[in-house]
Protein chains: 2
Amino acid sequence: MNDVVTRTPTAAPTRRERILQEAARLFAERGFHGVGVDEIGAAVGISGPGLYRHFAGKDAMLSELLVGISERLLAGGRERVAAATGEGGGPAAVLDSLVDGHIDFALDDRALITLHDRELGQLRDSDRKQVRSLQRQYVELWVEVVRALHPAAGEAEVRAAVHAVFGLLNSTPHLGRPGALPGRDATAALLRRLALGALASLSGGAEG
Amino acid sequence: MNDVVTRTPTAAPTRRERILQEAARLFAERGFHGVGVDEIGAAVGISGPGLYRHFAGKDAMLSELLVGISERLLAGGRERVAAATGEGGGPAAVLDSLVDGHIDFALDDRALITLHDRELGQLRDSDRKQVRSLQRQYVELWVEVVRALHPAAGEAEVRAAVHAVFGLLNSTPHLGRPGALPGRDATAALLRRLALGALASLSGGAEG
DNA sequence: GAAATGTGTTAACGCTCATTAACCGAGCAA
DNA sequence: TTGCTCGGTTAATGAGCGTTAACACATTTC
């Protein structure tokens, strides 16, 4: 019925894709329970129940959004690790690339980044497990690289630090709407410096 | 009817206080809309409608929680700025104290920290404005100190950095439940290093 | 001791809202 | 032309849930 993933981002978006996009925006703005199906339908020019021609239900939209972003994050991370490693870059170069990739996600898919940890609890058990698994694998990608850079730090410490850096990078939704910062590039540069600055502090401290 | 704030934290907690505490926990776990009044009542040993003897409604509980945490954050921040300044500490000492204070909040009131940005949208307009105002004042406290430490950085840049550091410090709810890190002190020490490390990167970079 | 007050209870109300039913027109294949 | 599929529509259904009503009972107050 639907090919779900097989489409190039250019070309006019499918109705199905527009629904997902608008649903993501609305869910991020007012929460999953805070937005009704009629509203989502209206946002794409059809009426509430019309959505059921494209999705099994409201839950299915959220599932697809969260599983999708988790998969893209992990796939992007793996690509970057492979690419930077292939170019003969050391752990530092790999980390740089991971940070840049995550910043791209955070800036381009604000709504999804927000949903990603806000609405995880609304998923069916099986979907939540899948998302958690993907998240875990993504975290491991970072943990390995950071451990290579800071061999003296304990594993638990590094894992906590990675989570904290995600919190830092995912703070973009809180940066006042209009554009408190000059532009995208400046914001990206700032986040990169902050993240690397935080992780740099891992060497030379007392560990727990 | 209720004295709302006038109680010392020691001594047996009032029923009213227990309700707020349990509501905070449940809201953080499953979202404001995800938990019913019957459930909150059950958590404190009374039945759903019994809550209305203590609060005007479910919304009122959330309001009191969010306004309360915002007020305590701001009050705590102001005290620390005054104290550290009074002791003749420079901006660095003041920042250290602010960081420590925020970490205490993040570790001791995890549920509230989570709610603080998750459920802001569910508040009545007036309450949301009040919380936003308190948040803004708290941010300003930090911005002033950080600007004193990094005079070359632009104001917008510093403000964004402060928000990002909040994201980092508030990441504690994401550190796997059981206790991924050895203990509270180790976690606090790690967060402190990460936060100061991030902010240290503000000097000497290109600004936006 | 009577009245007021504070704090519970259970039952009923009413609204919101996701989902389903029933129906319909446009393309398009045989 | 006939008939199937696709993607819409509006109306009905049914559950969940916040809130209110009506009542009960202890404790305090006068």
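In what follows, every chain begins at residue 1, and chains take the letters A, B, ... in the order their sequences are listed. Any value given below was found using the heavy atoms of this structure, including those in side chains, with hydrogens, waters and symmetry copies removed.
C:dA26 atom C1' lies 17 Å from atom CD1 of A:I46, rounded to whole Å. The NE2-P distance, from B:H54 to C:dT7, rounds to 6 Å in whole Å. For the pair A:L51 CG and C:dT20 P, the interatomic distance rounds to 13 Å; values are reported in whole Å. A:I19 has its CD1 atom 15 Å from the P atom of C:dA18, to the nearest Å.
Sorted by first and then second residue, the pairs that involve residues 127-137 of chain B and meet salt bridge (Lys or Arg N to Asp or Glu O under 4.0 Å), not counting sequence neighbours, are B:R124-B:D127, B:D125-B:R128.
Side-chain atoms of A:H33 and A:Q122 include a donor-acceptor pair closer than 3.5 Å.
B:F166 is linked by a ring-ring contact (aromatic ring centres under 6.0 Å, His included) to B:H102, B:Y138, B:W142, counting only residues two or more places apart in sequence or in another chain. B:E79 meets the side-chain hydrogen bond (donor to acceptor under 3.5 Å, both in side chains) test with no other residue; sequence neighbours excluded. Among residues two or more places apart in sequence or in another chain, the side-chain hydrogen bond (donor to acceptor under 3.5 Å, both in side chains) test is passed with B:H116 by B:S70, B:Q135. Contacts of B:R118 classified as side-chain hydrogen bond (donor to acceptor under 3.5 Å, both in side chains), with partners at least two apart in sequence or in another chain: none.
Picking from C:dT10, D:dT10, C:dG8 the nucleotide with the shortest atom distance to the side chain of B:R53 gives C:dG8.
One finds a side-chain N or O of B:R15 lying less than 4.0 angstrom from the OP1 or OP2 phosphate oxygen of C:dG8.
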Polar pairs (N or O, both sides) under 3.5 Å between protein and nucleotides 11-18 of chain D?
{"unit_1": "D:dG18", "atom_1": "OP1", "unit_2": "B:K58", "atom_2": "NZ", "d": "2.8"}
{"unit_1": "D:dG18", "atom_1": "OP2", "unit_2": "B:V37", "atom_2": "N", "d": "2.9"}

